[in-house]
Protein chains: 2
Amino acid sequence: MADSEKRRSLIQQYLVQNGACSISALASRLEVSTMTIRRDMELLAGKGLVRVYHGVVVPLKEEATSLQEYALTKAEAVHVQEKLRIARAAASMVEPEDILFIDGGSTAALVARELPRGIPLTIICLSLNAFLNVAGNPAAEVILAGGIYHEETHIFEGPESIELIRRYRATKAFVSANGFREDLGVTCSNNYLLSIKQAVLRSSIQKILVADSSKFGKVNSCYFADLSDFSELITDDGLPDSALQSIRDSGTKVQAV
Amino acid sequence: MADSEKRRSLIQQYLVQNGACSISALASRLEVSTMTIRRDMELLAGKGLVRVYHGVVVPLKEEATSLQEYALTKAEAVHVQEKLRIARAAASMVEPEDILFIDGGSTAALVARELPRGIPLTIICLSLNAFLNVAGNPAAEVILAGGIYHEETHIFEGPESIELIRRYRATKAFVSANGFREDLGVTCSNNYLLSIKQAVLRSSIQKILVADSSKFGKVNSCYFADLSDFSELITDDGLPDSALQSIRDSGTKVQAV
DNA sequence: ACATTTTTGTTGCTTTTATAACATTTCTAT
DNA sequence: ATAGAAATGTTATAAAAGCAACAAAAATGT
C-alpha cells in the first residue's frame, strides 16, 4: 500500500474511534502539512466516507456510533468482507411489506444493518445485535423476542421467545448457522439456538440460510435442519462448484456472492 | 421548559441524527446569533455531551446512548439530580438473590444502572434502557420482556411481554409513573404501559414506586394503581410534609431522598 | 410597575482555516 | 540514471470562526 493510502486508512481508523478530529490536529499527528490532509479528506469525502466542515473532519460511516458499533465489535471480525457481501445480497431480496425474522449471529446482524430503510417492514429480531441494527428505522415495526439474555450469543432464550416466534408468520427468515454440509445438515452450537431456529423455520414462507463458506463442511453439536429445508442459501464464492451444483439439484437456490 | 433549554435540546437531537453540524448552520437554522449557539455549546460541552471544534459541534458518542440521551435530551433533564438520588436509594434496597422487575422510564433506567454489581441477582427488564444498563453484569441473570418495540418509551409491548411478566415472581419491583396523587392514584401515559405495570404489580412481593416530586399532583390518561397499592414510594424532598404523612398513614412507606 | 437578573445580539479585532498557484520532493518506469 | 508523474510542501490572500466587551431585549422577582 502506498504511503498516502496508509495515511488515509490511519485517519479513517482514528476518526471512527474518536468521532471527529480537526484537520490541523491530524496534520501534526501524522507530521504532514494541512494541505496534504485536506487533499486526503477531499478524496475520502468524494467516497462519502467523511464529511469536512470548517477545519473538522467527521466520519460519515453509517451510524458507526454507540449501538451499532457495539453490535459489530462483539461480532467475530473474521470473514467480514464475505459476510458483508452476503448480507447485502440478503437485504436486497427484501421487499415492501415483508415480514422478516432475523436470526442471531454476526452475519444475520449484518443483514439487519443492511436492510433498506424507509420501506414498510415488520422485523422480528432474535438477538440483541440484530435488534440494535434496526431499532430506529422509522418505517419498520420492530419486534424483539425476549427472554433470558445470553451474552455470548446475544440471544434471548426461553419459552416466551419460542411462543413469540410461533405467534408470528414471516415472508422471509434469515437464518444463520455454525456449520452446514450436505450429508449431516445444518448445525448450531446450542440447544436453545436449535429450538429458536426450528421455530423460525416453521413460521416462515421463505427460509434463507446466510452462511459464509468457512462454515461449509463443518458440523456442530446441534442439528436443526437439512440444507434442503431451506429455500435459499446465500454464501460467498468459496464453495466448490460441485457442492453448489448438488445443493441446487436438491431444490435449494444458491447465491454465491 | 425555557426557550434556551428547548433550543439546546433541539440542537442535541439534531446532532445525534446528523453526527455533526457547524455553528453557523445551527445559528441560521434556529434563527439566533452564532454567539448564542456558542454559549449553548459551552454549556453542553461542560456537561460532556458535545465537543466543539473550530466551528463544528460533534456529539460525543459515549454519552449519546440509551440512558443519557433519554435523561438529558428529553424534557426530564431538569430532574436528573433528583432521579439519581432516588435511583441510588432504590438500588441500595437490593439484596443478594433478589429477583427484580425494572420498569421503563428514565428513573427506572437509572435504578438499573445503579444496581450493585457482583452480587447474584435476577433482573427482569421491561425497557431497552434498563436492559442496556444491566447487560454485562456477570453475576446477574438478565431477562428482557420482548415484543413490539416502542421507540418513544423504549418499551416492548405485546402479549409475550405480559406473559413473561406473569410467569415470573419477583421479590422487588421498581415501577415508574408519569403522575401520582392521593385521590386519583398513579397514572401513566399509555395503554400498553398500563398492562405491563399492572402485570408487574401482580407478580411482585415488594412494589416500589420511583418517581421524583415533579410527578406529584399530576395525572395522566391511564390509571394503573393506587398509591396504597405500593409498599414503598421513593421520591425526592419536594413533597409537602402533609402529603408525606398522609401517604405513610395509608400504609405506604416513603423515602424522600 | 419597577428594578434586577438572565439571555441574546452587535461590534471590532484576532486567530484560524480555505483556496489557489507555484515550488519541491518522492516515486515509478524505462 | 533520468524523465515524467504523483505526492507533498510553501506562500499569500480571502474567508470564516473565536473572543471579549458592551448594548439591547426578555424574563424574573418583589
Side-chain angles (χ1 to χ4, degrees), chain A residues 1-60, chain B residues 1-60 72-82 212-214 217-218 236-238 240:
Chain A
M1 176 157 44
D3 277 1
S4 60
E5 280 180 64
K6 197 178 294 180
R7 187 183 53 241
R8 283 186 284 272
S9 168
L10 275 172
I11 291 173
Q12 262 212 277
Q13 191 186 329
Y14 181 83
L15 286 175
V16 172
Q17 281 181 350
N18 293 52
C21 191
S22 74
I23 285 186
S24 52
L26 286 173
S28 66
R29 168 178 289 264
L30 296 166
E31 300 186 347
V32 292
S33 73
T34 59
M35 270 315 296
T36 301
I37 302 291
R38 258 182 251 286
R39 284 187 270 247
D40 284 345
M41 292 310 99
E42 204 173 343
L43 242 164
L44 293 181
K47 291 185 184 174
L49 296 170
V50 301
R51 171 132 185 219
V52 182
Y53 293 82
H54 201 91
V56 184
V57 191
V58 181
L60 210 50
Chain B
M1 174 159 46
D3 277 2
S4 60
E5 282 179 62
K6 197 178 292 179
R7 186 182 54 241
R8 283 187 284 272
S9 171
L10 275 171
I11 291 173
Q12 263 217 281
Q13 192 184 328
Y14 182 82
L15 286 176
V16 171
Q17 281 182 349
N18 292 52
C21 190
S22 74
I23 285 186
S24 53
L26 288 172
S28 66
R29 167 178 289 264
L30 298 167
E31 300 186 347
V32 291
S33 74
T34 59
M35 272 314 296
T36 301
I37 302 290
R38 257 182 253 286
R39 285 187 272 246
D40 284 345
M41 292 310 99
E42 203 173 344
L43 242 163
L44 294 181
K47 290 185 185 175
L49 296 170
V50 302
R51 172 133 183 221
V52 181
Y53 293 82
H54 211 276
V56 183
V57 192
V58 181
L60 288 183
L72 291 171
T73 66
K74 303 259 175 169
E76 302 106 343
V78 209
H79 303 292
V80 175
Q81 295 307 316
E82 289 80 2
D212 65 87
S213 61
S214 74
K218 289 199 178 148
D236 59 76
D237 52 10

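Reminder, nothing fancy here: chain letters follow the sequence lines and each chain counts from 1. Quantities reported herein were computed from a predicted structural model and do not represent experimental measurements.
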Open item on the list: Please enumerate all residues that pass side chain to side chain donor-acceptor pair (under 3.5 Å) together with A:Ser33, with sequence neighbours excluded.
Closed with: A:Thr36
TODO: Taking only the side-chain heavy atoms of B:Met35 (C-beta and beyond), determine which of D:dG9, C:dT8, D:dC19 contains the nearest atom.
DONE: D:dC19
How many whole angstroms separate atom [atom1] of [X] from atom [atom2] of [N]?
X       : N      : atom1 : atom2 : answer
A:Arg8  : D:dT8  : CZ    : C1'   : 12 Å
B:Arg7  : D:dA26 : CZ    : P     : 14 Å
A:Ile37 : D:dT10 : CD1   : P     : 14 Å
A:Glu31 : D:dG9  : CD    : C1'   : 15 Å
B:Leu43 : C:dT8  : CG    : P     : 10 Å

Task: Of B:Asp40 and A:Arg39, the one whose closest DNA chain C nucleotide lies more 5' - done: B:Asp40
TODO: Could you say whether B:His54 or B:Thr34 is positioned toward the 5' end of DNA chain C, judged by the nucleotide with the nearest heavy atom to each?
DONE: B:Thr34
Open item on the list: Tell me every residue that passes side-chain contact (heavy atoms from CB on, under 4.5 Å) with B:Ser24, counting only those two or more places apart in sequence or in another chain.
Closed with: B:Ser22
- [ ] Considering non-hydrogen atoms only, spot the tightest contact between A:Val50 and A:Met41 and give its length.
- [x] CG2-O, 4.1 Å
TODO: Kindly give the heavy-atom pair with the smallest separation between B:Arg7 and B:Leu30, and that separation in Å.
DONE: CG-CD1, 3.6 Å
Could you tabulate the donor-acceptor pairs under 3.5 Å formed by side-chain atoms of residues 52-60 of chain B, not counting sequence neighbours?
{"unit_1": "B:Tyr53", "atom_1": "OH", "unit_2": "A:Ala20", "atom_2": "O", "d": "3.0"}

- [ ] Taking only heavy atoms on the protein side, list every residue of residues 20-30 of chain A lying under 4.0 Å from any atom of DNA chain C, sorted numerically.
- [x] A:Ile23, A:Ser24
Task: Residues that B:Asp212 engages under salt bridge (charged side-chain N to carboxylate O under 4.0 Å, His left out), provided they are two or more places apart - done: B:Lys215
Open item on the list: Is A:Thr36 close enough to D:dT8 that one of its side-chain N or O atoms is under 4.0 Å from OP1 or OP2 there?
Closed with: no
